Each structure stands twice: as C-alpha cells, then as structure tokens.
Amino acid sequence: MKTGLVLEGGAMRGVYTAGVLDVLMENGIQVDGVVGVSAGAVFGCNYKSRQIGRAIRYNTKYCRDPRYGDFRSLVRSGDIYEEKFCYHELPDKLDPFDWDTYKNSPVEFYVTCTDVDTGRAVYHRCTGEREDLRWMQASASMPLVSRIVEIRGRKLLDGGVSDSIPLNWFRSIGYEKNLVVLTRPRGYRKKPPRGMFFFKRKIRQYPALKAAMETRHIRYNQTLKQLPELEKAGLALVLCPSRRIKVSKLERHPWKLKAMYKLGRRDTERRLEEIRRFLA
C-alpha cells in the first residue's frame, strides 16, 4: 500500500506545513509520494529536496520584501509574488534549491493547478527538471493578483480553486494511505466567496474559472466531511493546527510566521509515534 502526503495551500499559512515537514524529515519519516496545492506545492518541494528549515528561513527573511507578497509587486510586475524574484533569484542565488537531491529522490512529487478555460484541476507529476518551477508557480498563482501561467498550451492558475485538498485524486492513482496536512484547525468550514461581483468583471472571459471559484467552498467542505470516515478506516491521518493563530494569506510579520511554523512542529512532534504506526 503506497503512502502519501497531501498538502493544502493557504498562502503564508503554509508555514504550518513547513513545520510539519521539517519534523518528518528530522525523524526520518518518508512517504512514497507528495501532492501539493499552491503553498503546499512551493513549500512541499523542500521535502523531496530534503532541505530542512529552508521554507521558514526564506519566508521570514523576505516576507517584507516588496517583491514578495506585496501590492507594489502586483502593480509593477502583474504578480503579487514577483516571478523573477520568487522563481529565479530566490531558488538560484539567495537560498539555493538543491536540484540534485530533488531529482534523485525516490519520492514522487505532484502539483495541482487549475485550467482557467475548463475550471478543472490539472495534476502534474514533477520529474526533476527546471520546468517543475513553472508548474509550482502556476499552482501558487492566486486569481486576480497573479498573471496566468501558460505551460504546454494550457492556461493555469492556483490549484486550490479546483481541488484544494486533492486527497481523492491521490487515492485514485494508488496512494491509499495518506497524511493530510491542513492549515486550519479542526472544525473549520469554508464559506462562500464574497465580492464575486468584482471577480466577475475581472475574469468575465473565463466563465469556467468563475464557476469554479464560486463553488470552491462546496468541494472543499465535502472533502473535509470525508476525512473522519477515512481516519476511522485507517486510510488517513489529519495533521492540522491545534489552535488558531491569525496569519493572513499575505502575512508580513516574521514573528507570526515563526509562531505558525513552531505550532506545526509541536503538533507533529506530539504525534510522531501515531504517525509512525499509521505509516507502518
């Protein structure tokens, strides 16, 4: 039975996931495959490259940089997370990504994107090539504040729009037993989107994307509803914040990011034996 990690997004709340993954790596806990969405993709790749501490390090260092999650970047470049900085300068020079370890790792790594023409999820297996960064970028490109990423003739945006928690898809390709890492506490339910009138004007040329955005909360909550049954059956183990820490999608306070990261570490450390038994 193949084991997996399912990593939802949540933008800067994803540092919780970074804390979870660092503890798993420190304790030699390895799964067969990982599927990440949005922040779960761009932070989750460090699990495959075995770079403990990298995600929290660069996020706390650059969270106040005007090129990183700042509306000045949106005005200047068209992306709230500037492409040149985030997907070139940062992984190539400022905090280098270990491509050799990533490419040679046996862990299969997938990212989830949304096709803006169909509104449907696109799941891509990363192969260790530089193009993987484009897929990660597409997965993390939030509608309205990011340019569409075109790859192989497809127009792509944030995978969270179409499949925020791609557990069912991962199970369908053979990953039957999964650690599911969420960035909201148990009991959370996503509400219908607000301000869709503004969204409609901005994305009127992509009606399928608009429909996916309007119904995202339904799919998200349906997956959450499945999790208790899968946990009872021994097919899922949910790791999520044990308490609420207010961290915004574009959080710019390093101390808040550190607190969320430390919570991810503590929650995982408390459950290490449970995790080991689950994956055994």
Side-chain angles (χ1 to χ4, degrees), residues 5 7 9-31 33-70 73 76-77 79-113 124-142 146-147 149 151 156 158-159 181 250-252 254 257-258 260-262 264-265 268:
L5 267 168
L7 312 176
M12 296 300 266
R13 289 195 311 274
V15 293
Y16 178 86
T17 300
V20 172
L21 297 181
D22 281 355
V23 171
L24 295 181
M25 287 190 282
E26 288 165 1
N27 287 274
I29 295 175
Q30 185 165 306
V31 295
V34 179
V35 60
V37 181
S38 195
V42 294
F43 297 167
C45 63
N46 295 291
Y47 179 84
K48 184 172 169 67
S49 67
R50 311 300 294 175
Q51 288 179 277
I52 298 169
R54 180 174 180 267
I56 188 61
R57 183 171 62 239
Y58 74 72
N59 274 287
T60 52
K61 185 173 183 178
Y62 297 109
C63 65
R64 290 185 172 177
D65 191 295
R67 298 166 293 180
Y68 196 76
D70 191 287
S73 173
R76 184 174 59 250
S77 70
D79 292 307
I80 202 157
Y81 288 94
E82 184 187 285
E83 178 183 358
K84 182 180 177 182
F85 177 73
C86 295
Y87 299 99
H88 297 281
E89 188 174 347
L90 183 53
D92 290 343
K93 299 177 182 178
L94 300 177
D95 202 321
F97 185 67
D98 187 345
W99 282 99
D100 288 337
T101 300
Y102 172 84
K103 190 169 186 176
N104 293 320
S105 168
V107 176
E108 295 184 348
F109 183 63
Y110 299 81
V111 299
T112 306
C113 306
H124 174 76
R125 181 183 174 185
C126 294
T127 59
E129 306 302 324
R130 291 285 302 192
E131 189 189 49
D132 290 358
L133 277 178
R134 288 286 287 168
W135 285 97
M136 295 179 208
Q137 178 187 351
S139 181
S141 291
M142 297 180 285
S146 306
R147 291 174 297 170
V149 178
I151 308 175
L156 305 169
D158 189 342
V181 184
L250 303 175
E251 187 58 62
R252 301 181 65 77
L257 297 178
K258 288 178 182 176
M260 191 71 165
Y261 170 79
K262 288 178 181 178
R265 288 189 61 92
T268 309

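Predicted, not measured: the structure shown is a model, and the values here were computed from it.
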### Message
So that I can tick it off, tell me whether R134 and E129 are bridged by a salt bridge, with the cut-off set at under 4.0 angstrom between side-chain N and carboxylate O.
### Response
no

### Message
Just verifying a value: how many Å separate I56 CD1 and C63 SG, rounded to the nearest 0.5 Å?
### Response
8.5 Å

### Task
Report yes or no: does S141 contribute a side-chain atom to a donor-acceptor pair with the main-chain N or O of Q137 at less than 3.5 Å?
yes

### Summary
In terms of heavy-atom contacts, S38 and G9 come closest through CB-CA, 4.1 Å

### Message
Just verifying a value: how many Å separate D79 CG and M142 CE, rounded to the nearest 0.5 Å?
### Response
10.0 Å

### Query
Atom CD in E131, atom CD1 in I151: separation rounded to 0.5 Å?
6.0 Å

### Summary
When rounded to the nearest 0.5 Å, the distance separating NE2 of H88 from CG of L94 is 13.0 Å

### Query
Does a side-chain heavy-atom distance below 4.5 Å link C45 with F97?
yes

### Task
Please tell me if the side chains of M12 and L257 come closer than 4.5 Å, counting only heavy atoms from C-beta onward.
yes

### Query
Taking NZ, NE, NH1 and NH2 as the nitrogens, is one of them in D95 or R54 under 4.0 Å from a carboxylate oxygen of the other?
yes

#### Entry: Flag, side chain of N27 to backbone of I29, donor-acceptor distance under 3.5 Å
no

### Task
May I ask you to check if R64 and Y62 form a cation-pi contact, with NZ or CZ under 6.0 angstrom from the six-membered ring centre and within 45° of the axis?
no

### Task
Would you name the heavy atoms of G44 and F109 that are closest together and state the gap between them?
C-CE1, 3.8 Å

### Task
May I ask you to test the N46-L21 pair for a side-chain heavy-atom distance under 4.5 Å?
no

### Query
Which pair of non-hydrogen atoms, one from V42 and one from Y58, has the smallest distance, and what is that distance?
O-OH, 3.8 Å

### From CA spacing to verdict: side-chain contact (heavy atoms from CB on, under 4.5 Å), E251, M260
CA-CA 11 Å; E251 187 58 62; M260 191 71 165; over 6 Å; no

### Task
Check whether any side-chain N or O of D70 sits under 3.5 Å from a backbone N or O of R67 as a donor-acceptor pair, and report yes or no.
no

### Task
For S139 and W135, indicate whether the former's side chain and the latter's backbone hold a donor-acceptor pair under 3.5 Å.
no

## Note on the structure
The side chain to side chain donor-acceptor pair (under 3.5 Å) partners of S49 (sequence neighbours excluded) come to Q51

### Message
Please determine whether side-chain contact (heavy atoms from CB on, under 4.5 Å) holds for the pair D158 and S146, giving the CA-CA distance in whole Å, both sets of side-chain angles, and the decisive distance to 0.1 Å.
### Response
CA-CA 9 Å; D158 189 342; S146 306; over 6 Å; no

### Qualifying residues under side chain to side chain contact (heavy atoms under 4.5 Å, CB included), relative to I52, sequence neighbours excluded
D22, M25, E26

### Query
Got a donor-acceptor contact below 3.5 angstrom from the R252 side chain to the G69 backbone?
yes

### Presence of salt bridge, E108 and K48, under 4.0 angstrom
no

### Query
Is there a side-chain contact between L7 and F43 (heavy atoms, below 4.5 Å)?
no

### Sub-6.0 Å ring centroid separation between Y68 and Y81
yes

### Query
Taking atom types as modelled and ignoring hydrogens, do the side chains of Y102 and D132 form a donor-acceptor contact shorter than 3.5 angstrom?
yes

### Query
Does any non-hydrogen side-chain atom of V107 lie less than 4.5 Å from one of L5?
no

### Query
Does the distance from a Lys or Arg side-chain N to an Asp or Glu carboxylate O, for D92 and R130, drop under 4.0 Å?
yes

